[in-house]
Each structure stands twice: as C-alpha cells, then as structure tokens.
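Input: a single structure, listed below in structure tokens.
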Amino acid sequence: MTSQALCALSGIEIQKKVASGDVSAVEVTNAFLERITHQDRKLHAFLYVDAEGALAQAATVDRARKAGETLGPLAGVPVALKDNLCTRGVPTTCASKILAGYVPPYDADAVERLRRAGAIAVGKTNMDEFAMGSSNENSAFGPVKNPWDETRAPGGSSGGSAAATASSMASFALGSDTGGSVRQPGAFCGVTALKPTYGRVSRFGLIAFASSLDQIGPFARSVREAARVLSVIAGHDARDATSTTTAVDDYEAECGKEVRGLRVGVVADALGAGVDAEVVKATRAAVAKLAELGCEIVDVSLPHATHALAAYYLIAPAEASSNLARFDGMRYGLRKTGDDLTATYGTTRAEGFGPEVRRRIMLGTYALSAGYYDAFYVKAQKVRTLIRRDYDAAFKKCDVVLTPTSPTTAFKLGEKTSDPLAMYMADIFTLPPSLAGLPAVSIPGGYSADGLPIGLQLTGRAFDEKTLVRVSDAYERASGWLSRRPSEIV
Ligand code: GLN
C-alpha cells in the first residue's frame, strides 16, 4: 500500500491489518511520520515529533506479532498526545516557556494504557498554554492552523490534537477538557471528540489546570474509533484519588445499534440569540434526523446554564492559581535567577508564563483571597450545584441532551485575541456539562456555506458514555458526514 493510502485508513482497519500481518507497524509508522513532515509545515499541530520512539514502539509490536502474541486493540495505530500529558523521556511543555526542557520521568496513566494496547505515540501536540484558551493562539510556540481553512483557528485548547486527527497525521489523539478543550476544537476541526465523565479516566500524569474539572478524552475521525480508545484509557487508577471504580463498558459494542425509543432532550435557549444562523439550522436538521431514526424529541431546560460562564471563570482560575504555584523555577524548566529567592520566583514566573496564564492566576488569586472567597468562590460552587440539579431534572425526561458544541464555526486567527470575553463565549455550551461533571461528545453535524464543520454536542448521564456512543454512531451513519475530509487531505 502507498503511504498515502495507509494514512487514509481508519485506526480500526490499521489494527486489523497489523494484527493479520498485512502491513507492519513500522510501515504504518513511517507512513504517518512522512505525512507529518509534509502536512505539519503548514499546520503546526505538533510541538515535538518522536520518530525514534515511535519506530521503536512499532518494532516491538511487530516482534510481538511474529512471536505469535495476541496484539492489543490499538496495535500499530498512531496516536498524537496533547503536550500536557506526561510522556516518559519525551519533552512535555504545556506549550509554555516555563516548562521548556522539562522531560518527565514517567508516563500519564492514559498514555501507559495506550502503549499497553499497542498504540504508537508519534508526538506531542500544540495547545493553548496550560490548556487555557479556545483558539490555540495562547501557545508560547505559535498557533495551530485549521486544516479546513488555514486562516482560521482550530479551536482550543487541544487544537493540535484536533488538527492532527482531522488531517490524518495520526489516527487518533488525546486531549484534555476542562471547560470544552476537547469538544470545541473537535467541532472546529470536524472530528469526533469525547469528554468522559469526571473520574472516568485517570488524571495521573495530566499536568493540572483545574483539578475538579480536568478530564482526558479522545479525538478520532469516527465514533467507533473514539469508542475503542475510550475503552482503553478508562478505568480505575489508584494514583488518582478521584478516579472511579465504576466498571468500564464495551463502548464499541454500542456502534451499529438502533436508537429507536431513545429520548433526546433539546434546549430551546441554546438555539437563540448569539448563535450563528447556520449552526442553529444544522442543529435543527440533526434533531429532525434523530427523530427520523425513531428518537423521541423532548423539550428540556437548563435554567442555570446561563451562569455557567461566570461560575467557570471563578472556579477554573481559582484552581489554576493554586496548581500553577509549583512552577517557581526551582524544580522544573525555566529559571531566571534574581537577587534573592523571592526575586527569582518573580522573574521566572513573569518571563515564563504568557499573558492569559498570568491573567488567570491573578483572577484566581483574587477570587480566593480573604473577604472575596465567600462572595466569589463559594457562590460559584453553589451555582455549580444548581447546574447539576438542572441536568438531574432534564435526565428524568430524556436520555441525552443535544445542543450545538459552539455558537460559531471556526473563527479567523486573530479575530478574538484582543477580547478575552468574546473568546470565553466560544465555550458557552461546553461549560455546563463540565461543571456538572457529565460526559459529553462533539460530533460533526453539518457544514456551513463556506465549507466549515459544525459540531453537535450530546451530553449524557454520569458514566453513561455508552448512550452517547450509541446515539452519535447512529447519527454518523445516517448523516453521511464521515466521508467529508478537508480538501487537501486524503
Ligand atoms: N476554553 C476554556 C478555557 O480557556 C476551556 C479550556 C479547557 O477546557 N482546558 O479555560
């Protein structure tokens, strides 16, 4: 097979071919590495390509096959990893100058599980610095470009992982989602992007942004691939105290099933002011398609969701201000020596962190300070509880909640950089499920007149990723969107 043809295969097909000996994992890896060399010159989705490590892993897979061992469910399948996931012996920077030169001595739990399943880690992907942002423009190393239109943002903060998946530089990718960072770039780049329930995937080795919200999730071109990856990375890990012992389901087994009788909740407010007309139209068409497939459509409301943005921008910066205190020039990465210890802390942090990270640290420190703690932080936590109760009420009437993923399609690079509030608005639909800790997936749900992908977000009950996979896969089959690729991409 030509290397172009290899890169066009799904991860499921690649695993099958590698397991049967049709192609070797080394051949597959070389094909993807070659593709990265060509494509990433324009897209800048990768901060680091680990050709040597990837080929060594691939050789291990090939040796195991020759020895007659049973191969894992992702054997020989190339994966791109967001650069806030620790990778043993491979630089991990969170796209921040403050972590320049940091090489972790261990793998994140999710990365360890992928390796055990035979996946080949080809490199580390670009992101907004410390996962703070919605466009990738907060990367200290320059933004990623959207494979559908290189003048546009890929979304953020996991924009590199989304762009790498959309442009077939890896079969799938991992990202992290605190308030939308898997789903929103997934929507902007036209791929499936799933944020699991809080606690479903271990956060061990994920460099913390906001610990009560962070979750690792997969990007893939199809729902089936995302489902397989979720089965691999999910599960209890004693090294993360918030990781659950709830049993992991066979998510892939949900693919190909019928959805007749499932109840889909539609939030009328999510199709109102501030949402692009084309996004509204696509969402309505998706509702009609699900009805055609036999789903029952019900109206639900999330009355407190309008406060999600305000609550998130208190809680997430508050947690970040505490988590990022560890970057002080002593233990990791950059050190700018000053006259004394305090001066060294100050200059290191002032030079090492970019403007958005500094803004969040200041906001968070303020919200947690004496006198403001009750007024801001505690209030925001109460709003969080009210949002969770809204979902409890909604899930009495429906099995999944459908909204757009983002109010717009991919915006132009530079369009929102001078207005942080406008940038924060990109996450109005992804924030409520995050605050409630619920699983949510973004899937391609149509295209704008200028050919940009539109994302649909489905939110499920806690630990019910199964139903999300089932509905997403049924919609994917019925919609026919799966075959759409960015024009320059095979
Ligand atoms: N865009 C949101 C933010 O800037 C969400 C980020 C994320 O999920 N990591 O905080």
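All values below were derived from every heavy atom in this structure, side-chain atoms included, with hydrogens, water molecules and symmetry-related copies excluded.
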List the atom pairs, donor and acceptor, that lie under 3.5 Å between side-chain atoms in residues 406-413 and the rest of the protein, sequence neighbours left out.
unit_1: S406; atom_1: OG; unit_2: A426; atom_2: O; d: 3.3
unit_1: K412; atom_1: NZ; unit_2: T151; atom_2: OG1; d: 3.2

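Aromatic ring orientation, Y447 versus W148: tilted (interplanar angle from 30° to 60°). Ring planes of F209 and Y312: perpendicular class, angle over 60° (limits at 30 and 60°).
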Evaluate the criterion side chain to side chain contact (heavy atoms under 4.5 Å, CB included) for residue pair I98 and V357; output intermediate values, then yes/no.
-> CA-CA 11 Å; I98 211 158; V357 175; over 6 Å; no
Side chain to side chain donor-acceptor pair (under 3.5 Å) assessment of T93 paired with K124 = CA-CA 9 Å; T93 67; K124 305 298 293 288; over 6 Å; no
Going through the checks in order, is the salt bridge (charged side-chain N to carboxylate O under 4.0 Å, His left out) test met by D399 and R461?
-> CA-CA 7 Å; D399 302 299; R461 295 186 180 94; 3.4 Å; yes
Report the C-alpha distance between E356 and R359 in whole Å, list the side-chain angles of each, state the deciding distance to 0.1 Å, and finish with yes or no for salt bridge (charged side-chain N to carboxylate O under 4.0 Å, His left out).
-> CA-CA 5 Å; E356 183 63 22; R359 177 172 15 247; 2.8 Å; yes
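No side-chain N or O of R115 forms a donor-acceptor pair with one of T60 less than 3.5 Å apart. Under the 3.5 Å distance criterion, with hydrogens and angles disregarded, no donor-acceptor pair is assigned to the side chains of S442 and Q184. With hydrogens and angles left out, the side-chain atoms of T125 and S161 include a donor and acceptor closer than 3.5 Å. Side-chain polar atoms of N323 and S211 form a donor-acceptor pair below 3.5 angstrom. For the residue pair Y198 / R203, a side-chain donor-acceptor distance below 3.5 Å is found, with atom types taken as modelled.
Exactly one residue among V90, T92, L85 makes a side-chain contact (heavy atoms from CB on, under 4.5 Å) with P104. That residue is T92.
The residues R239 and E112 are annotated as salt-bridged, a charged nitrogen and a carboxylate oxygen being separated by less than 4.0 angstrom. Comment: R477 engages D473 in a salt bridge, judged by a side-chain N to carboxylate O separation of less than 4.0 angstrom. Salt bridge annotation for D250-K466: absent, with no cationic side-chain nitrogen under 4.0 angstrom from a carboxylate oxygen.
In this structure, Y102 OH and C86 SG are separated by 4.5 Å, a value rounded to the nearest 0.5 Å. The structure places CD of E129 at 3.5 Å from OG of S96, a figure rounded to the nearest 0.5 Å.
Remark: the backbone N or O of G72 is paired with a side-chain donor or acceptor of Q15 at under 3.5 angstrom. Without hydrogens or angle criteria, R35 side chain to S167 main chain gives a donor-acceptor distance under 3.5 Å.
At a threshold of 4.5 Å between non-hydrogen side-chain atoms, the residues I36 and V122 count as touching.
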